[in-house]
Amino acid sequence: MTAVREMTAEDWPEVEAIYAQGIEDGEATFESAPPTWAGFDASRLVGLRFVAVRPAGSVIGWVAGTAVSARPAYRGVVEHSVYIARDARGQGIGRLLLDRFIHAAEVDGIWTIQSSIFPENNASLRLHAAAGFRTVGRRERIARAIVGPHAGSWRDTTLIERRSAVVEAD
């Protein structure tokens with residue numbers, strides 16, 4: 001049985017490897033390389049970082065959130081990323097992580113969770129739709145891919161969001 005728990009610094013080598021797979025596959029991010037642990041740790045919100053682990057303890061996926069702005073008006077809005085190891089995709093791991101993330105975000109008073117997803121990433125779009133996210137819009141030719149199969153190409157992104165049914169915006 002897969003377990004979901006809070007991410008620790010000790011998880012970083014496996015989290016970084018999964019992040020690198022997403023970069024290499026070219027359908028998850030504009031990033032060209034994973035950050036260092038220090039960079040990741042400084043930019044992701046404590047309490048909104050989780051890993052999925054196999055019974056043997058190996059990390060097979062992660063989810064983490066970042067603040068969208070330091071401005072007080074946006075204190076209840078976060079952006080998130082979810083990555084699954086190649087050999088664990090299609091097994092419901094993303095949903096386990098996303099459900100845990102949503103619950104923790106609502107406990108923390110988050111009223112909106114958002115993300116940008118490449119429109120070709122059908123698996124991620126389906127996962128998020130099943131978890132209550134809606135499409136807000138499409139950002140056309142927002143940036144050029146630097147690495148991966150789409151390197152040099154302009155890419156669109158689909159902006160999605162999930163508004164909490166239990167946390168009211170102030």
Joint hydrophobic cluster, [X] plus [Y], side-chain heavy atoms closer than 4.5 Å:
X    : Y   : answer
V147 : F30 : no
V51  : I60 : no
Y19  : V82 : no
L45  : M7  : no
F50  : V53 : no

Rounded to the nearest 0.5 Å, how far apart are [atom1] of [X] and [atom2] of [Y]?
X    : Y    : atom1 : atom2 : answer
T29  : N121 : OG1   : CG    : 11.0 Å
M1   : R54  : CE    : CZ    : 14.5 Å
L159 : S115 : CG    : OG    : 8.5 Å

*Do E120 and H150 have a side chain donor and acceptor closer than 3.5 Å?*
no
*Would you check if there is a donor-acceptor pair between the side chains of T112 and R163 at a distance under 3.5 Å?*
yes
Just wondering, do [Y] and [X] contact through their side chains at under 4.5 Å, heavy atoms?
X    : Y    : result
T157 : I117 : no
Q114 : V78  : no
Q21  : R89  : yes
L125 : F133 : no
D156 : I142 : no
I160 : R134 : no
V4   : I93  : no
D25  : R86  : yes

*Answer yes or no: is there an ion pair linking D108 with R75, defined by an N-O contact shorter than 4.0 Å?*
no
*Output all residues satisfying salt bridge (Lys or Arg N to Asp or Glu O under 4.0 Å) with R139, sequence neighbours left out; order by chain, then residue number.*
none
*Is it true that a side-chain atom of R162 and a backbone atom of A131 form a donor plus acceptor pair closer than 3.5 Å?*
yes
*Give a yes or no on whether the backbone of R71 and the side-chain of S69 come within a donor-acceptor separation of less than 3.5 Å.*
yes
To check you understand the geometry: which heavy-atom pair defines the closest contact between [X] and [Y], and what is its length?
X    : Y    : answer
V59  : I18  : O-CD1, 3.6 Å
V136 : E161 : CG2-CG, 3.5 Å
I113 : A105 : CD1-CB, 3.9 Å
L97  : A52  : CD2-N, 3.6 Å
A64  : F101 : C-CE1, 3.8 Å
I146 : A151 : O-CB, 3.5 Å

_Test side-chain contact (heavy atoms from CB on, under 4.5 Å) applied to S164 - qualifying residues, sequence neighbours left out_ = E106, V166, V167
_Holding to ring-ring contact (aromatic ring centres under 6.0 Å, His included), I want the full list of residues that pass it with W154, two or more places apart in sequence or in another chain._
none
*List for me each residue that meets ring-ring contact (aromatic ring centres under 6.0 Å, His included) alongside F40, sequence neighbours excluded, and say none if there are none.*
W12, W37, W62
*Can R49 and D41 be said to form a salt bridge (charged side-chain N to carboxylate O under 4.0 Å, His left out), step by step?*
CA-CA 9 Å; R49 300 186 279 198; D41 186 43; 2.7 Å; yes
*Those residues that, when tested against R144, pass side chain to side chain donor-acceptor pair (under 3.5 Å) (two or more places apart)*: none
*Of all residues at least two apart in sequence or in a different chain, which pass the side chain to side chain donor-acceptor pair (under 3.5 Å) check with H128?*
H80, S124
*Cationic tip of R155 within the cone over F118's six-membered ring, i.e. under 6.0 Å and within 45° of the normal?*
yes
